[in-house]
Amino acid sequence: MSGDARDLRAAAAGPLAQRFPARWLEEHAVLPLSLEGGTLLVAADAALAPLVQDALERAVDASVRVVPHGAGDIRAAILSAPRARDGLTSPDAAVDSRVTMLSGETTASLDDLRALASREPVIQVVNAMLAEAARAGASDVHVESHPDGLRVRMRLDGVLRDAQRLGPEFRAAVLSRLKVLAGLDIAERRLPQDGRARVRVGDRELDVRIATLPALHGESVVLRLLDGGQADQPSSLESLGLAPAVLAQWRTLLHRPSGLLLVSGPTGSGKTTTLYAALRERSTVGVKVVTVEDPVEYRLDGVVQLPVNVRAGFGFPNALRAILRHDPDVILVGEMRDAETADVAVQAALTGHLVLSTVHTTDATAALARLQEMGVPPYLLSATLQGVLAQRLVRRVCAGCGAWRALTAAEQALTERALTERTRTPVTQVREGVGCAACAGTGFRGRLAIAELLVLDDALRSAFTGGASLVALRAMLRARGIGSLRDDGWRCVAAGDTTIDEVVRVVSGDDDA
């Protein structure tokens with residue numbers, strides 16, 4: 001055996017390697033060697049993928065330097081080295097032949113599936129997956145069944161990225177383990193299921209929402225990660241990144257004594273974060289705030305928060321009716337989902353309460369049409385609705401590696417087309433990140449909101465109740481100098497907060513975007 005091979009095997013059996021699942025190391029052909037003066041030396045055959053490098057750096061709180069070694073030698077060392085934590089000599093031994101048999105079996109017994117899910121190596125694989133997602137700051141983990149096994153992807157700053165692949169022998173075991181965590185029926189693979197779990201990763205607690213879908217090659221599972229530690233610290237209004245004029249108007253609306261305020265946008269556009277920033281400001285000693293949510297994503301001192309329990313008959317409409325008997329000043333309804341919820345919310349706003357909620361629409365004016373579709377009469381909507389904040393999230397250029405550069409010819413042409421009368425922010429250069437350890441090589445770190453704020457005045461109310469079209473209402477907004485989502489995106493590009501590609505990606509295809 002060569003000296004290099006002996007060194008690799010010794011490293012694979014050492015304490016640094018023991019911090020990581022053998023399967024993960026073997027999958028990525030990477031092996032921690034030593035920690036020297038704040039630098040982690042790792043064996044790899046090429047530059048590390050950003051997620052792999054980020055996972056290594058976060059695990060040991062050190063920068064990473066690659067020492068070149070052949071991928072075959074690295075994997076051989078990992079496979080042959082004893083593992084102190086699980087007593088296995090190979091990641092393939094993490095689940096025995098029984099798992100391979102069951103991975104293609106559709107009639108496995110409930111006891112067999114429970115046995116699979118409770119095996120220590122399977123638990124370690126799932127725990128490592130959650131730990132890596134938490135370290136990377138992922139909002140979601142997608143575990144997708146394919147003919148060759150499981151593909152694991154993580155959503156970071158709104159964008160999905162590959163994290164790892166697991167062989168077919170892991171399919172039944174990992175999926176069953178995830179179902180056990182969420183309290184789901186592990187024998188049911190023909191129908192979608194939803195559940196929740198609370199797990200600890202290091203010194204952090206995560207609330208995990210787990211949803212399954214029966215797909216062509218097996219079930220697909222999505223895990224939504226909600227950080228219990230950060231949940232106690234909702235963002236301030238200033239941290240959202242709103243334009244100063246929009247922030248000032250939104251704050252004025254929030255301090256009105258009654259009426260309906262909506263935040264609109266698709267799933268994942270930061271609506272809940274914006275509403276909780278609003279609640280953080282309104283929750284004072286003299287104000288009673290009550291919320292009804294599905295689920296409660298943040299925990300606020302001084303706020304009465306009610307989780308929806310549809311199975312028990314406690315949905316949004318009857319929860320909202322119960323809230324009104326508790327003398328609230330401010331009410332948050334997690335989402336306007338149906339006509340009954342919308343009707344009760346509008347009545348609450350009409351009787352002297354400030355009601356905040358969310359709605360899924362492409363822009364601010366479309367929220368008016370959406371509530372009409374739910375059965376809210378235009379005259380009631382006109383009397384109660386104070387404003388609609390439509391928003392999207394764009395990735396923020398990394399503060400550590402962002403640098404200004406001149407526009408390309410294509411970008412120059414795009415900015416010239418976008419420079420309309422209402423787009424008053426010319427873009428002559430763009431700032432983008434080149435990639436560094438802080439941003440895992442992506443050039444982005446964190447996100448900020450771009451927004452369009454509709455504040456109803458007498459003219460807009462009259463036009464709406466008179467049956468004006470959405471096109472006409474948008475024209476009235478633009479005539480008042482109120483820009484669209486894309487206009488606000490260009491403001492962020494000019495300020496160096498995001499890139500042209502990000503704005504195009506996020507608002508492409510939106511009405512009047």
Side-chain angles (χ1 to χ4, degrees), residues 192 194 211 253 256 258-269 271-272 274-275 278-279 289-297 304-326 328-391 452 454-456 460-474 510-511:
D194 294 281
L253 292 174
R256 290 186 177 179
S258 64
L260 177 63
L261 293 180
L262 298 175
V263 179
S264 75
T267 300
S269 58
K271 300 186 296 295
T272 301
T274 297
L275 285 181
L279 287 189
V289 181
V290 184
T291 76
V292 53
E293 308 163 64
D294 184 23
V296 174
E297 296 191 15
V304 179
Q305 296 175 273
L306 311 179
V308 165
N309 189 340
V310 177
R311 292 179 181 176
F314 191 65
F316 279 110
N318 51 3
L320 191 48
R321 291 189 185 94
I323 286 172
L324 292 175
R325 294 192 286 270
H326 283 254
D329 298 297
V330 180
I331 302 170
L332 183 146
V333 182
E335 183 181 343
M336 293 283 197
R337 292 184 175 178
D338 50 53
E340 191 177 4
T341 302
D343 179 63
V344 179
V346 168
Q347 293 297 330
L350 196 63
T351 54
H353 305 87
L354 182 66
V355 180
L356 285 69
S357 190
T358 67
V359 64
H360 290 263
T361 59
T362 56
D363 68 352
T365 52
L368 301 172
R370 180 71 185 109
L371 289 178
Q372 271 191 283
E373 290 171 1
M374 290 184 187
V376 180
Y379 72 91
L380 273 182
L381 195 54
S382 176
T384 56
L385 186 62
Q386 302 297 317
V388 183
L389 182 73
Q391 69 177 53
E452 171 196 24
L454 163 65
V455 179
L456 271 77
L460 282 169
R461 295 180 197 279
S462 177
F464 174 61
T465 54
S469 67
L470 294 185
V471 172
L473 293 173
R474 289 187 187 109
D510 285 356
D511 292 341

*Asks:* To the nearest 0.5 angstrom, please state how far the OG1 atom of T351 sits from the CG atom of L324.
*Replies:* 6.0 Å

*Asks:* Is the closest side-chain heavy-atom distance between H360 and E335 below 4.5 Å?
*Replies:* yes

*Asks:* Do you know the tightest heavy-atom contact between D194 and A211?
*Replies:* OD1-CB, 3.2 Å

*Asks:* How close do A367 and V388 get, counting heavy atoms only, and between which atoms?
*Replies:* CB-CG1, 3.8 Å

*Asks:* Testing the basics here: between I323 and P328, what is the closest heavy-atom pair and its distance to 0.1 Å?
*Replies:* O-CD, 3.4 Å

*Asks:* Roughly how far, to the nearest 0.5 Å, is CE of M336 from OG of S264?
*Replies:* 12.5 Å

*Asks:* Side chains of residues 368-384: which donor-acceptor pairs under 3.5 Å do they make with residues two or more places apart or in other chains?
*Replies:*
from, atom 1, to, atom 2, distance (Å)
R370, NH1, E373, OE1, 3.4
T384, OG1, L380, O, 2.9

*Asks:* Would you mind listing every salt bridge (Lys or Arg N to Asp or Glu O under 4.0 Å) that reaches into residues 315-324, with sequence neighbours excluded?
*Replies:* R321-E340

*Asks:* Can you check whether V304 reaches H326 side chain to side chain, under 4.5 Å on heavy atoms?
*Replies:* no

*Asks:* For a quick test of reading the model, state the closest non-hydrogen atom pair linking A364 to A390 and the distance between them.
*Replies:* N-CB, 3.5 Å

*Asks:* At what distance, to the nearest 0.5 angstrom, does CG of L389 lie from OG1 of T358?
*Replies:* 12.0 Å

*Asks:* CG/L262 to CG/L253 distance, rounded to the nearest 0.5 angstrom?
*Replies:* 11.0 Å

*Asks:* Of all residues at least two apart in sequence or in a different chain, which pass the side chain to side chain donor-acceptor pair (under 3.5 Å) check with Q386?
*Replies:* R256

*Asks:* Using every non-hydrogen atom in the two residues, find where I331 and A348 come nearest and quote the distance to one decimal.
*Replies:* CD1-CB, 4.4 Å

*Asks:* Looking at side-chain heavy atoms only, is the closest gap between L350 and Q347 below 4.5 Å?
*Replies:* yes

*Asks:* For D294, enumerate each residue passing the side chain to side chain donor-acceptor pair (under 3.5 Å) test, keeping only those at least two apart in sequence or located in another chain.
*Replies:* R196, R337

*Asks:* So, taking the atom named CZ in F314 and the one named CG in L306, what distance separates them when rounded to the nearest 0.5 Å?
*Replies:* 5.0 Å

*Asks:* Please list, chain by chain and in numerical order, all residues satisfying side chain to side chain donor-acceptor pair (under 3.5 Å) with S357, sequence neighbours excluded.
*Replies:* none

*Asks:* Less than 4.5 Å apart, side chain to side chain, heavy atoms only: is that true for L354 and S258?
*Replies:* no

*Asks:* What's the separation between atom CG in L332 and atom CG in L279, rounded to the nearest 0.5 Å?
*Replies:* 5.0 Å

*Asks:* Check whether any side-chain N or O of R461 sits under 3.5 Å from a backbone N or O of L385 as a donor-acceptor pair, and report yes or no.
*Replies:* yes

*Asks:* Can you name the residues that form a side chain to side chain donor-acceptor pair (under 3.5 Å) with S269, not counting sequence neighbours?
*Replies:* none

*Asks:* With a 4.5 Å cut-off on side-chain heavy atoms, are L460 and L454 touching?
*Replies:* yes

